[in-house]
Amino acid sequence: MALARIQVPPQAKRGEPVEVRIVIQHPMETGFRRDANGVRQRRNAIVALVCRYGGVEVLRAITSPGVAANPTLRFHLRAEKTGDLEFWWIDDDNVEGSAKAQLVVV
Amino acid sequence: MKRRHFLALSLISLPFSAAGEPNAHVSTIDPLVRSFTGGKDVLPGKVTLVLPRIADNGHSVPMTVKVDSPMTPAEHVRAVHLISEKNPVRDMASFYFGPHLARAEFTSRLRLNGSQRVVAIAELSDGSFWSDMVQVEVREAACTED
């Protein structure tokens, strides 16, 4: 469940906006869908996602099944110094996931 | 005033007056809206919610939210809330951020259960609330089809 891909440019200039993209592999099960046997699938969606840059929280998202399966997020960080970009999330089953990427600032 | 003149006038003036008034996109007695705003007025403007007018598939609808803000420590966006009109879970997502983001803008994908209006509410650092609303025609609804 902890499959994700983070995309950041290989280098960023200090003070400039950096495009950060993340895709998390997750079904974001709504709780309303039935499988081929007509059995209702239990809701299981990511409910919270946190992004930290250099140990500081920069973005927090509270999500629901209203977000499409395999959630994507794209935003622009302000490059300050070289550091880790850490994502952490948790779903309805209390399964946590995380992903990390390094942001190199020159 | 003739009836047809009155009708023409109301057609012209209605959209403009509706767009400028507080709470044009939200209901002030909506508990979900109140949970975000604490009963404060939500003014239309400053936020741009970008959604396709027609979505073939409600399972994955690309969405971008832009807020008119310099994103400085003194003046930035605190949060953006997305509210659905017809999803079983109306409280679709809330994004909390601050001056660490270079731009008050993000992109994601939504699930929409049928044609509906989607509202984005942005909370700025000065405590004001701003909104935008988009009507999306969804050809194939997500979630509840059986």
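Judged purely by atom type and a 3.5 angstrom limit, A/Arg78 uses its side chain to pair as donor or acceptor with the backbone of B/Pro99. Remark: the backbone N or O of B/Met92 is paired with a side-chain donor or acceptor of A/Ser64 at under 3.5 angstrom. Put simply, the side chain of A/Thr63 never gets that close to the backbone of B/Ala93: no donor and acceptor are under 3.5 Å apart. Using modelled atom types, one side-chain atom of B/Arg111 and one backbone atom of A/Met28 make a donor-acceptor pair closer than 3.5 Å.
A single hydrophobic cluster is not seen to contain both A/Val23 and A/Phe87; linkage of ILVMFWY side chains at heavy-atom distances under 4.5 Å, directly or through other members, places them apart. A continuous path of Ile, Leu, Val, Met, Phe, Trp and Tyr side chains, each step under 4.5 Å between heavy atoms, connects B/Phe97 with A/Leu103, placing both in one hydrophobic cluster. Under a hydrophobic clustering in which Ile, Leu, Val, Met, Phe, Trp and Tyr are joined whenever their side-chain heavy atoms come within less than 4.5 Å, directly or via other members, A/Leu85 and A/Val18 fall into the same cluster. Note: the hydrophobic cluster containing B/Met63 also contains B/Val67 (ILVMFWY, side chain heavy atoms under 4.5 Å, direct or indirect links). With hydrophobic clusters built from ILVMFWY side chains whose heavy atoms lie under 4.5 angstrom apart, B/Ile121 does not share a cluster with B/Leu101.
Minimum heavy-atom separation, A/Arg43 to B/Val89: NH1-CG2, 4.0 Å. Closest approach of A/Leu73 and B/Ser108 over heavy atoms only: CD1-CB, 4.3 Å.
When heavy atoms are compared at a cutoff of 4.5 Å, B/Ser84 does not approach chain A at all. Contact annotation for A/Val20: neither backbone nor side-chain heavy atoms come within less than 4.5 Å of a heavy atom of chain B. With a 4.5 angstrom heavy-atom cutoff, A/Glu80 touches chain B only via side-chain atoms.
Open room surrounds CZ on A/Arg60; 12 or fewer heavy atoms of other groups in view lie less than 6.0 Å from it. The environment of CD1 in B/Ile29 is sparse: at most 12 heavy-atom neighbours from other residues, nucleotides or ligands sit within 6.0 Å.
Distance check: A/Tyr53 OH to B/His100 NE2 gives 10.5 Å after rounding to the nearest 0.5 Å. Note that OG1 of B/Thr64 and CZ of A/Arg74 are 6.0 Å apart. Values are rounded to the nearest 0.5 Å. A distance of 8.5 Å separates CG of A/Leu49 from CZ of B/Phe95, quoted to the nearest 0.5 Å. One finds the CZ atom of B/Arg103 at 11.5 Å from the CG atom of A/Leu77 (value rounded to the nearest 0.5 Å). If you take OG1 on B/Thr107 and NE2 on A/His76, they are separated by 8.0 Å, rounding to the nearest 0.5 Å.
Here the rule is side-chain contact (heavy atoms from CB on, under 4.5 Å) with B/Tyr96, and of A/Leu59, A/Val50, A/Val58, A/Ile62 only A/Ile62 fits it.
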